[in-house]
Undergrad: 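The structure that follows is given in the form of structure tokens.
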Amino acid sequence: MTGTPLKTFFAPDSRSTVAAEAEARPAPAITVRGLGVRFGSKLALSGVDMDFPTGRITALIGPSGCGKTTLLRSLNRLHDTTPGARVLGSVHLGDLDVYAPEINPTEIRARIGMVFQRPNPFPTLSIYDNVVSGLRLNGIRKKAILNDAAESALQSAALWDSVSHKLKTSAMRLSGGEQQRLCIARALAVEPDVLLMDEPTSALDPIATSRIETLLRALVKQVTIIIVTHNMQQAARVSDYCAFLMVEEDRVGHLVEEGLTLQIFSKPADPRTEEYVTGRIG
Amino acid sequence: MSAGYVTGGRDRRRLTRHLRLGDRAYRRVLQGFGVFVLVIFVAVGATLFIQAWPAFKHSGPGFVTGTTWDPSHAIYGAVPFIAGTLFTSAIGLALAIPIGIGAAIFLAEYAPRRISGALGMLVELLAAVPSVVYGLWGFLVLGPIFQNTIEPRLSWLPFAHGAPLPVGLLLAGVILAVMVLPTIVAVTRDLANAVPATSREAVFGLGGTRWQMVRTAVLPAIRTGVVGAVVLGLGRALGETMAVTFVIGNTNAVPNSLIAPAQTMASLIANEFTEATEPFHASALLGIAVLLLVIAVIVNALARLLVWSVSREVRETV
Amino acid sequence: MSVVAASQVDRRTLIRQSARKSHRRRQIAGVVAAALCGLGLCIALVPLISIVALTVSKGIAAWSVDFFTRLPTPAGIPGGGIVNALVGSLIIDGLAAVMALPVGFIVALFLAEHEGRLANTVRFVVDVAAGLPAITIGLFAYAIVVLPEGHFSALSASVALAVLMLPIAIRAGETAIRTVPQDLWEAGIALGIRRARVARSLVIVSALPGLVTASLLAISRAIGEAAPLLFTAIGSQVFATSLGQPMASLSLVVYFDGIQPYPDLQRTAWGTALTLLVIVMLLNVSSRLLARRMRRFTR
């Protein structure tokens, strides 16, 4: 987000404008070239070339085992923390080479936030301490800054009104949906450029899921979002762009096609995509 | 834990209605054995107390407050041994807690998986080494090292005056530390390994370093369990007999120095019981056993309650 | 940057700076912490490895055919062995196992099968009893067997070790029985078999490997104990001919010979310590292997 010129900034909820945007795709927030991931001797993903447009929601879809979560986790170098995992190819955040030797993975992870499948607030910390934990981890101690950041992050996650009076209570007292929004607030508090979400609603009930989906449409005004989802309706509902990945008998996980969500769901270029979005495979 | 019950609630109610005579008898038999086990352990305490009663009556409250233990004059005060027991256990835990937790964290979080697995297995096996072997090693190997090398270099410490001996409070404490280390390491490592990946990744995802991950996601999650393990280790140290008896020095006085010879409750019993011919002497030693039993029961009950509360917490968060 | 509010941009810059500035400090803290933890591991391993290494080297030096086949000799006279202690340990522990394990496993069945106040009480008391000092249990056996009979005996030692083994047998047995799939119970009961029979024929049989593991653990714990034997078996230089007599045991030999100032007795102590160590390790490793095989089996 270093002054990238954004030609059009559309109202995110009016999805019809997205179709008109086809030629004016925003500059990429993250660029991926020749990306592959291997775990030990086993290749899980290979040859992914893709741009993730700034200020948009990009959904990664595909059947189980196609490598969409693996792709997501390679964007913020989370694979570095698992022994035996190796990332091939390149990832750029803006102009920054994410896998350059002089780059700290911790700095990348502070700039690219992440929300996980299951709500994972720190069970021993209060709501407030959960929200500001990322700031504290990054060396910020000043009370005033923490307070401001906590309020603004909880506002952004649509949680402020319901928890502002009980910030000191344990995060485990919240419902599952609230816990997941707390995790979103915790990620937002660090002011990331990009927010990665790994099936963030898979552990939630339909009402909590729909609240998170609404939230995502509001959030994309301030942060680029990349979301992995199992649920095609969800991808169709929330995303602007969509990427379809697949694993086949003779081929490890790879990108089949990507593009505007409307186009992927209405007239996909590849027959395999069509089969998947119409529910014939996966 | 209730999920593991062989019969669920509703099934059981339905079944109890259909219980036939044989089944009821079977149930009674099982209950009978349960009661039998309760009786045995209550009997342990009761028997010791009955045997100790003459000495309690003879010495009165002085039994727990007296600092003199002189069987030839029938004076029995337990303070020197309570002090010796508490000091040796305190030294043991003060050494074992930081070393053990550090070692466990290293195994769980830093060491390559293969090394961690092999060392972890080794440590678990060491937990099974009989305490009498620890005592033999302490007496024949560590004792001389303490006398010649370590204790002469400790004279600058407060409370470490006195002639270096191959026995004493500090040596006994160190042996206790070595003895409880495997347990603390094994339990802490298991607890750390059980911390879910999602908690760890929450820290990594926010830009935390590995150590920050350990501090934020691992240590708070395992805190109660580690305390439980430490308290269990304390129970073991308080009652340990053989390893301590080898190296404590058998001196029935309140220790005035870290390296002075002393006596613990357990080592006193081990040393004097077979030769206790003075009036009330054997009974007084059984009185010491009662005190030891009371302390051990309190410590172990505390540890159990802690461990139970942890397993309940874990169940709630899953 | 039209949509991102000004204060948010400030905060973002601040966070980025702070992250970068604190990075070095955080990295150093991490290296120091890892080094301290590694140091802890080294400090922990030195004495533990020293114990095993010295017991093995000094113990092997004491081992010989005579060592395992002859009776002990007084200090200064070479050629003594520990055969009476080896046999004594087997008798005392074997008898203790016979007394403790069946009772322990029946109680384990009770705990695995029943809920309610009695079961919870038993479970709690057993847990606490597992931590009782071994020497107090030795005194208990002294009071209920040695005192009435008027003499030390192998039988009293077995009673002490049985009380000591009971909590281990109960809790390990309960775990073993609980791993038996619930379907087995329900299948048996659905067939109209009486619960007692289901328990006996189906559950016990399929929990058998687990119960063997539990037995090995309990025996290995008991065989190393010396404190409960001090006032019961009390040790002996000869073969005991009945359970009513004092009897030698390996753990007592380690203690009584180890504290003597005579090098040849200390040698015997090391040799006996190694014998004990080998027995305990064999019991532990085999119970571990069995448990692992069982886990693979049930999966």
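Since the model is a prediction, treat every value here as computed from it, not as a measurement. Residue numbers begin at 1 in each chain, while the letters A, B, ... track the order of the sequences.
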Undergrad: Are there over 12 heavy-atom neighbours, none belonging to C/Arg16, within less than 6.0 Å of that residue's CZ?
TA: yes
Undergrad: Look at B/Val290, B/Ile295, B/Leu292, B/Ile288 and state which one has the largest set of heavy-atom pairs under 4.5 Å with chain C.
TA: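 Looking at each of B/Val290, B/Ile295, B/Leu292, B/Ile288 in turn, B/Leu292 comes out on top.
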Undergrad: Less than 4.5 Å to any heavy atom of chain B: does that hold for the side chain of C/Ala34, its backbone, both, or neither?
TA: both
Undergrad: Can a donor-acceptor pair be found, under 3.5 Å and without considering hydrogens, that links the side chain of C/Thr275 to the backbone of C/Gly271?
TA: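 Answer holds: yes.
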Undergrad: Report which part of C/Leu252 has an atom under 4.5 Å of a heavy atom belonging to chain B: side chain, backbone, both, or neither.
TA: neither
Undergrad: Which region of C/Leu39, side chain (C-beta onward) or backbone (N, CA, C, O), has a non-hydrogen atom less than 4.5 Å from a non-hydrogen atom of chain B, or is it both or neither?
TA: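 Neither part, no heavy atoms under 4.5 Å.
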Undergrad: Rounded to the nearest 0.5 Å, how far apart are OG of B/Ser267 and CD1 of B/Ile248?
TA: 5.5 Å
Undergrad: Checking heavy atoms, do the side chain of B/Ala43, its backbone, both or neither come under 4.5 Å from chain C?
TA: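 B/Ala43 touches chain C through backbone and side-chain heavy atoms alike.
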Undergrad: Among the options B/Ala289, B/Ala303, B/Gly102, pick out the one with the most heavy-atom pairs lying under 4.5 Å from chain C.
TA: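 Between B/Ala289, B/Ala303, B/Gly102, the count favours B/Gly102.
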Undergrad: In terms of heavy-atom pairs under 4.5 Å, which option from B/Ile99, B/Ile40, B/Val35, B/Leu293 contacts chain C the most?
TA: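 That would be B/Ile99.
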Undergrad: Within a radius of less than 6.0 Å around CZ of C/Phe124, do more than 12 heavy atoms belonging to other residues, nucleotides or ligands occur?
TA: yes
Undergrad: Counting C-beta onward and ignoring hydrogens, is there a side-chain heavy-atom pair between B/Phe139 and B/Pro166 closer than 4.5 Å?
TA: no
Undergrad: Would you mind checking which part of B/Met265 comes under 4.5 Å of any heavy atom in chain C, side chain (CB onward), backbone (N, CA, C, O), both or neither?
TA: neither
Undergrad: Under the 3.5 angstrom rule, does the side chain of B/Ser283 hit a backbone N or O of B/Gln51 as a donor-acceptor pair?
TA: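 Side chain of B/Ser283 to backbone of B/Gln51, a donor-acceptor pair under 3.5 Å: yes, one is there.
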Undergrad: Walk me through whether B/Val178 and B/Tyr134 qualify under side-chain contact (heavy atoms from CB on, under 4.5 Å).
TA: CA-CA 8 Å; B/Val178 175; B/Tyr134 282 96; 3.7 Å; yes
Undergrad: Do B/Thr209 and B/Gln212 touch side chain to side chain, with heavy atoms closer than 4.5 Å?
TA: yes
Undergrad: Given that the side chain runs from C-beta out, which part of C/Ile234 has a heavy atom under 4.5 Å from chain B: side chain, backbone, both or neither?
TA: side chain
Undergrad: With C/Arg123 as reference, evaluate C/Asp127, C/Asn120, C/Thr121 under the side-chain hydrogen bond (donor to acceptor under 3.5 Å, both in side chains) test and give the passing residue.
TA: C/Asn120
Undergrad: A side-chain contact here means heavy atoms from C-beta on lying under 4.5 Å apart; do B/Leu48 and C/Leu139 qualify?
TA: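 Result yes, sub-4.5 Å side-chain heavy-atom pair found.
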Undergrad: Between C/Val163 and chain B, with a heavy-atom cut-off of 4.5 Å, which part of the residue counts as in contact: side chain, backbone, both or neither?
TA: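 Contact with chain B: backbone and side chain both.
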Undergrad: With a 4.5 angstrom heavy-atom cut-off, is it the side chain or the backbone of B/Glu240 that approaches chain C, or both, or neither?
TA: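 Neither; nothing under 4.5 Å.
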Undergrad: Is any side-chain heavy atom of B/Pro182 less than 4.5 Å from a side-chain heavy atom of C/Leu48?
TA: yes
Undergrad: Can you tell me which of B/Gly100, B/Ala128, B/Gly32, B/Gly235 forms the most heavy-atom pairs within a distance under 4.5 Å of chain C?
TA: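 Winner by heavy-atom pair count: B/Ala128.
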Undergrad: Return yes if some donor-acceptor pair links the side-chain N/O of B/Ser116 with the main-chain N/O of B/Leu107 below 3.5 Å, else return no.
TA: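 Answer holds: yes.
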Undergrad: Heavy-atom distances under 4.5 Å only: say whether B/Ile50 touches chain C with side chain, backbone, both or neither.
TA: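 It is neither, since no heavy atom gets under 4.5 Å.
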Undergrad: Checking B/Val141 against chain C: side chain, backbone, both or neither under 4.5 Å from a heavy atom?
TA: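 When you check distances to chain C, only side chain atoms of B/Val141 fall under 4.5 Å.
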Undergrad: How about C/Ser251 and C/Leu229: do any of their side-chain heavy atoms sit closer than 4.5 Å?
TA: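 C/Ser251 vs C/Leu229: side chains touch.
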Undergrad: State, with a plain yes or no, whether a side-chain heavy atom of B/Tyr26 is found less than 4.5 Å away from one of B/Leu30.
TA: yes
Undergrad: Of the backbone (N, CA, C, O) and the side chain (C-beta and beyond), which part of B/Val44 lies under 4.5 Å from a heavy atom of chain C, both, or neither?
TA: both
Undergrad: Between B/Arg304 and chain C, with a heavy-atom cut-off of 4.5 Å, which part of the residue counts as in contact: side chain, backbone, both or neither?
TA: side chain
Undergrad: Under a 4.5 Å heavy-atom cut-off, does chain C meet the side chain of B/Glu109, its backbone, both or neither?
TA: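 Nothing of B/Glu109, per the 4.5 Å heavy-atom cut-off to chain C.
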Undergrad: So what's closer than 4.5 Å to chain B heavy atoms on C/Leu166: side chain, backbone, both or neither?
TA: side chain
Undergrad: Please look at B/Ile269 and chain C and tell me whether the side chain, the backbone, both or neither of the residue comes under 4.5 angstrom of a heavy atom of that chain.
TA: both
Undergrad: Side chain, backbone, both or neither: which part of C/Thr55 has a non-hydrogen atom closer than 4.5 Å to chain B?
TA: side chain
Undergrad: Checking heavy atoms, do the side chain of C/Val52, its backbone, both or neither come under 4.5 Å from chain B?
TA: side chain
Undergrad: Keeping B/Thr216 on the side-chain end and B/Met213 on the backbone end, is there a donor-acceptor pair under 3.5 Å?
TA: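 No; zero donor-acceptor contacts below 3.5 Å.
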Undergrad: Heavy-atom cut-off 4.5 Å, strictly under: side chain, backbone, both or neither for B/Leu125 against chain C?
TA: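 Contact with chain C: backbone and side chain both.
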Undergrad: Less than 4.5 Å to any heavy atom of chain B: does that hold for the side chain of C/Ser50, its backbone, both, or neither?
TA: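 Both parts, backbone and side chain.
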Undergrad: Flag the one option from B/Leu140, B/Leu285, B/Leu232, B/Leu181 with the top tally of heavy-atom pairs under 4.5 Å to chain C.
TA: B/Leu140
Undergrad: Is it the backbone or the side chain of C/Leu54 that comes under 4.5 Å from a heavy atom of chain B, or both, or neither?
TA: side chain
Undergrad: Go through the atoms of C/Ile223 and report whether side chain, backbone, both or neither lie under 4.5 Å from a heavy atom of chain B.
TA: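 Looking at C/Ile223, nothing touches chain B.
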Undergrad: Among B/Trp211, B/Trp137, B/Phe106, which residue has the highest count of heavy-atom pairs closer than 4.5 Å to chain C?
TA: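 Option with the top pair count is B/Trp137.
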